[in-house]
Peer 1: 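If you scroll down you'll find the structure; I have some questions about it.
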Amino acid sequence: MDEARIPIGEGTRVLVLTGAGISAESGLATFRGGGGLWEGYPVEQVASPEGFAADPELVWRFYSMRRRAAAEAEPNAAHRALATLEEGLGDRLLLVTQNVDGLHARAGSRRVVEVHGTLWRTRCSRCLRPPFDDATEPLGPPLPRCTCGALLRPDIVWFGEMLDPAATGRVEGFLRAARRSGAPLVFVAVGTSGNVYPAAGYVHAARAHGAETWLVNLDPALNATSFDHIVTGPAGEVLPRLLGLDG
Ligand SMILES: NC(=O)c1ccc[n+]([C@@H]2O[C@H](COP(=O)([O-])OP(=O)(O)OC[C@H]3O[C@@H](n4cnc5c(N)ncnc54)[C@H](O)[C@@H]3O)[C@@H](O)[C@H]2O)c1
Ligand SMILES: [Zn+2]
């Protein structure tokens, strides 16, 4: 347990990584916490290209349910604390999220990299037509199709798929610029289990760039030994306090 404040002074750069845990207090379930099952199906089956090919209707039902749940959820104190932090830091902050729920943007965060995509866009499963904004809740049949005839799919990075190089490039660029500036660098991970690479590797990248590293999580995460400071507890209580935004 480490109850100090995260040291963010004049010039400090801050890279934040968030996972499903930061949205848990908004009522959105984490996958692993729920036993990794959705209506009896393993999450991999509703979140992989193979699963989509085998049963696109099941996959769309899963994402339609998640769109509905995310639309009904509200950002919590942890999302809001990060938006307030960004107001003060501007370009000295970058928020990398594995979440697809859009709650960071709704809390007011602007410098957000959604490395796993978003619930709020749809794309073609075959052609290169750019992804487009979409909040519909298809349940099928018929399922939505692209003008090219192929099925549309959520613009989410599924198990076994590559992250968008533009997204990972922004994170690497931020770390390089921080190092060049010579200013202190702080890395804060919130509500992420350390299961899913490459996001789980950002703590190592940040350390390699000289960062002081903090983890805020309900349970000690798998890669917890990689952090300088670990604070255990619900993000909505812990994070505002660690950032000095609770009073
Ligand atoms: N809201 C969303 O957008 C959402 C929801 C489920 C899963 N996903 C994505 O699916 C992938 C894997 O999901 P996952 O569920 O295993 O998430 P994960 O691997 O990011 O793990 C969630 C972590 O959050 C912690 N946690 C739970 N409640 C917390 C709280 N109140 N405060 C602080 N920490 C808390 C848990 O201990 C766990 O270690 C990730 O990409 C994840 O972000 C996104
Ligand atoms: Zn198409």
Side-chain angles (χ1 to χ4, degrees), residues 17-38 42-44 46-48 62-63 65-79 81-82 95-107 112-120 122-132 144-161 163 167 188-200 202-203 214-224 227 230-242:
L17 171 69
T18 65
I22 198 171
S23 294
E25 288 156 82
S26 295
L28 299 179
T30 63
F31 292 163
R32 290 183 175 77
L37 292 179
W38 182 72
V43 164
E44 281 74 6
V46 288
S48 71
F62 175 68
Y63 283 99
M65 179 274 296
R66 293 187 67 194
R67 279 181 177 173
R68 169 70 58 90
E72 288 172 353
E74 294 293 335
N76 65 51
H79 298 107
L82 291 176
L95 171 47
V96 186
T97 187
Q98 303 166 84
N99 293 350
V100 296
D101 54 34
L103 289 181
H104 284 302
R106 281 176 54 202
V112 182
V113 184
E114 294 174 309
V115 281
H116 290 170
T118 173
L119 285 174
W120 306 111
T122 292
R123 67 176 175 88
C124 182
S125 61
R126 184 171 66 196
C127 79
L128 294 176
R129 171 186 173 187
F132 56 92
R145 284 186 183 272
C146 178
T147 45
C148 79
L151 286 172
L152 293 174
R153 54 164 280 182
D155 190 23
I156 302 263
V157 181
W158 281 334
F159 292 102
E161 294 185 322
L163 302 198
V188 187
V190 187
T192 179
S193 65
N195 274 318
V196 186
Y197 275 83
Y202 283 145
V203 61
W214 289 73
L215 173 67
V216 176
N217 209 57
L218 207 53
D219 314 308
L222 282 186
N223 59 356
F227 288 83
I230 297 164
V231 187
T232 316
E237 287 172 30
V238 171
L239 194 59
R241 196 170 72 227
L242 287 179

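Both ligands and their constituent atoms are indexed starting at 1 by order of listing.
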Peer 1: Which angle, to the nearest 10 degrees, do you find at the Zn ion (ligand 2) between SG in Cys148 and SG in Cys124?
Peer 2: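 About 100° at the Zn ion (ligand 2).
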
Peer 1: Which ligand 1 atoms does Glu25 reach within 4.0 Å, using its non-hydrogen atoms?
Peer 2: 30 (C), 31 (N), 32 (N)

Peer 1: Check Val231 against Leu242 and note the closest heavy-atom contact, atom names and distance.
Peer 2: CG2-CD1, 3.8 Å

Peer 1: Please assess Tyr63 against Thr122 for the test side chain to side chain contact (heavy atoms under 4.5 Å, CB included), listing each intermediate value before the final yes or no.
Peer 2: CA-CA 11 Å; Tyr63 283 99; Thr122 292; over 6 Å; no

Peer 1: Considering only heavy atoms, which of Thr30, Asn217, Val43 lies nearest to atom 38 (C) of ligand 1?
Peer 2: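 Going through Thr30, Asn217, Val43 one by one, Asn217 has the nearest heavy atom to atom 38 (C) of ligand 1.
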
Peer 1: What pair of heavy atoms forms the shortest contact from Val112 to His104, and how long is it?
Peer 2: CG2-CB, 4.3 Å

Peer 1: Should Pro234 be counted as touching ligand 1, given the test is an N or O pair under 3.5 Å?
Peer 2: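 No.
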
Peer 1: Measure from the side-chain N and O atoms of Trp214 to the backbone N and O of Ala189, and report whether any donor-acceptor pair falls under 3.5 Å.
Peer 2: no

Peer 1: Give the atom numbers and elements of ligand 1 that come within less than 4.0 Å of a heavy atom of Ala29.
Peer 2: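 Heavy-atom distances to Ala29 below 4.0 Å select 5 (C), 6 (C).
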
Peer 1: When you look for heavy atoms under 4.0 Å from ligand 1, do you find them on the side chain of Ala20, its backbone, both, or neither?
Peer 2: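 The part of Ala20 near ligand 1 is both the backbone and the side chain.
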
Peer 1: Has the side chain of Glu44 got a donor or acceptor atom that lies under 3.5 Å from a matching backbone atom of Phe159?
Peer 2: no

Peer 1: Atom CD1 of Ile22 and atom CG of Leu95: how far apart are they, to the nearest 0.5 Å?
Peer 2: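 Result: 7.5 Å between the selected atoms.
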
Peer 1: Given side chains that start at C-beta, do those of Glu114 and Val96 come closer than 4.5 Å, heavy atoms only?
Peer 2: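 Glu114 does not reach Val96 side chain to side chain.
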
Peer 1: For ligand 1, is any non-hydrogen atom under 4.0 Å from Glu237's backbone (N, CA, C, O), its side chain (CB onward), both, or neither?
Peer 2: neither

Peer 1: Can you list the ligand 1 atoms lying under 4.0 Å from a non-hydrogen atom of Gly191?
Peer 2: 20 (O), 22 (C), 23 (C), 24 (O), 34 (N)

Peer 1: Please list, in number order, the atoms of ligand 1 under 4.0 Å from a heavy atom of Gly233.
Peer 2: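 Those qualifying, in numeric order: 32 (N), 33 (C).
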
Peer 1: Of the choices Gly236, Gly27, Ala235, which has the non-hydrogen atom that lies closest to atom 32 (N) of ligand 1?
Peer 2: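 Looking at heavy atoms only, the winner is Ala235.
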
Peer 1: State which residue, out of Arg67, Arg129, Arg123, fulfils the salt bridge (charged side-chain N to carboxylate O under 4.0 Å, His left out) condition with Asp155.
Peer 2: Arg123

Peer 1: At less than 4.0 angstrom from any non-hydrogen atom of Asp219, what atoms of ligand 1 do you find?
Peer 2: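 Atoms satisfying the 4.0 Å criterion: 37 (O).
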
Peer 1: Taking atom 4 (C) of ligand 1 as the point of reference, which of Glu114, His104, Arg66 owns the nearest heavy atom?
Peer 2: Arg66

Peer 1: By number and element, which atoms of ligand 1 are closer than 4.0 Å to a non-hydrogen atom of Asp101?
Peer 2: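 Numbered from 1, ligand 1 contributes 1 (N), 2 (C), 3 (O).
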
Peer 1: Pick one of side chain, backbone, both or neither for how Ser193 approaches ligand 1, counting any non-hydrogen atom pair under 4.0 Å.
Peer 2: both

Peer 1: Take Leu17 and Gln98 through the test side chain to side chain contact (heavy atoms under 4.5 Å, CB included) and record every step on the way to the result.
Peer 2: CA-CA 8 Å; Leu17 171 69; Gln98 303 166 84; 4.1 Å; yes

Peer 1: For ligand 1, which atoms, with element, lie under 4.0 Å from some heavy atom of Ala24?
Peer 2: 28 (N)

Peer 1: Trp158 and Ala47: which non-hydrogen atoms are nearest, and at how many Å?
Peer 2: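 What the structure gives for the nearest pair is CB-O, 3.3 Å.
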
Peer 1: Is it the case that ligand 1 has an N or O less than 3.5 angstrom from some N or O of Leu28?
Peer 2: no

Peer 1: When you look for heavy atoms under 4.0 Å from ligand 1, do you find them on the side chain of His116, its backbone, both, or neither?
Peer 2: side chain

Peer 1: What heavy-atom pair brings Val216 and Val238 nearest, and what distance separates the two atoms?
Peer 2: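 Distance-wise, the nearest heavy atoms are CG1-CG1, 3.7 Å.
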
